[in-house]
Amino acid sequence: QLSNDVFDYDFEVTEDTVHAYKTEIVGNYPNPFNPTTKIEFNLQTTGHVEVSIYDLQGRKVADLYNGMLEANPGHVFNWDASNVASGQYFARITAPGFSDVLNMTLIK
């Protein structure tokens, strides 16, 4: 039997609010590129983020970001690869509970 009681719901937005997106790499564009590309990713949880570029031998060739970022979709970092040779590169993004790599091609 249904009750006629009135239910009172109190919603409060907190830092722990679950966002409608997850932490993930969206991609880079253009790809292939010459000499600049934009690397985009979504961040579900505010925290420390590192965005670094590596060559095929695993050598770090650039640090694009190392610091705190707010939880938001659509974070974009630009990489100007004017100082490196044509070839395959990897953008490694680490964030709270997340680490992934994006394959990019530089054609000069």
Side-chain angles (χ1 to χ4, degrees):
Q1 174 171 341
L2 295 176
S3 169
N4 288 334
D5 292 342
V6 175
F7 292 97
D8 182 21
Y9 292 102
D10 183 21
F11 292 102
E12 180 180 340
V13 176
T14 67
E15 288 295 317
D16 297 328
T17 299
V18 175
H19 300 286
Y21 53 87
K22 62 183 179 179
T23 299
E24 65 183 346
I25 296 175
V26 175
N28 74 298
Y29 50 92
N31 190 28
F33 66 98
N34 177 25
T36 61
T37 189
K38 296 178 183 298
I39 299 163
E40 182 177 352
F41 65 97
N42 298 331
L43 184 61
Q44 184 179 22
T45 306
T46 297
H48 185 261
V49 173
E50 291 182 40
V51 181
S52 301
I53 308 296
Y54 295 86
D55 65 14
L56 278 176
Q57 288 74 39
R59 295 178 297 226
K60 186 185 289 188
V61 297
D63 277 315
L64 299 187
Y65 189 81
N66 188 349
M68 295 296 289
L69 278 181
E70 294 291 321
N72 276 310
H75 287 285
V76 176
F77 290 95
N78 296 309
W79 181 37
D80 182 344
S82 298
N83 62 337
V84 297
S86 295
Q88 293 294 118
Y89 292 90
F90 303 94
R92 181 169 187 238
I93 299 175
T94 56
F98 177 85
S99 181
D100 201 0
V101 176
L102 174 66
N103 190 349
M104 306 178 296
T105 303
L106 169 62
I107 299 176
K108 291 188 175 182

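Taking the six-membered ring for Trp and thresholds of 30 and 60 degrees, Phe41 and Phe77 have nearly parallel ring planes, at less than 30 degrees apart.
Taking hydrophobic clusters as Ile, Leu, Val, Met, Phe, Trp and Tyr residues chained together by side-chain heavy-atom distances below 4.5 Å, Leu69 shares a cluster with Trp79. Linking Ile, Leu, Val, Met, Phe, Trp and Tyr whenever their side-chain heavy atoms come within less than 4.5 Å puts Val49 and Leu64 in one cluster. Cluster membership check: Val61 does not share its hydrophobic cluster with Val101, using side-chain heavy-atom separations under 4.5 Å among Ile, Leu, Val, Met, Phe, Trp and Tyr. Note: the hydrophobic cluster containing Ile53 does not contain Val26 (ILVMFWY, side chain heavy atoms under 4.5 Å, direct or indirect links).
Proximity of a side-chain donor or acceptor of Asp63 to a complementary backbone N or O of Tyr65 within less than 3.5 Å is not detected. Not one N or O on the side chain of His75 forms a donor-acceptor pair closer than 3.5 Å with the backbone of Ile39. In terms of modelled atom types and a separation under 3.5 Å, the side chain of Asn42 and the main chain of Glu24 share no donor-acceptor contact. In this structure, Thr37 contributes its side chain and Tyr29 its backbone to a donor-acceptor pair below 3.5 Å.
Nearest heavy-atom pair across Leu43 and Pro96 is CD1-CD, 4.4 Å. In plain terms, the two heavy atoms of Met68 and His48 that are nearest each other are SD-N, 3.5 Å. Closest approach of Ala85 and Leu106 over heavy atoms only: O-CD2, 3.3 Å.
Gln88 and Thr105 are linked by a side-chain donor-acceptor pair at a separation below 3.5 angstrom, with hydrogens and angles left out of the test.
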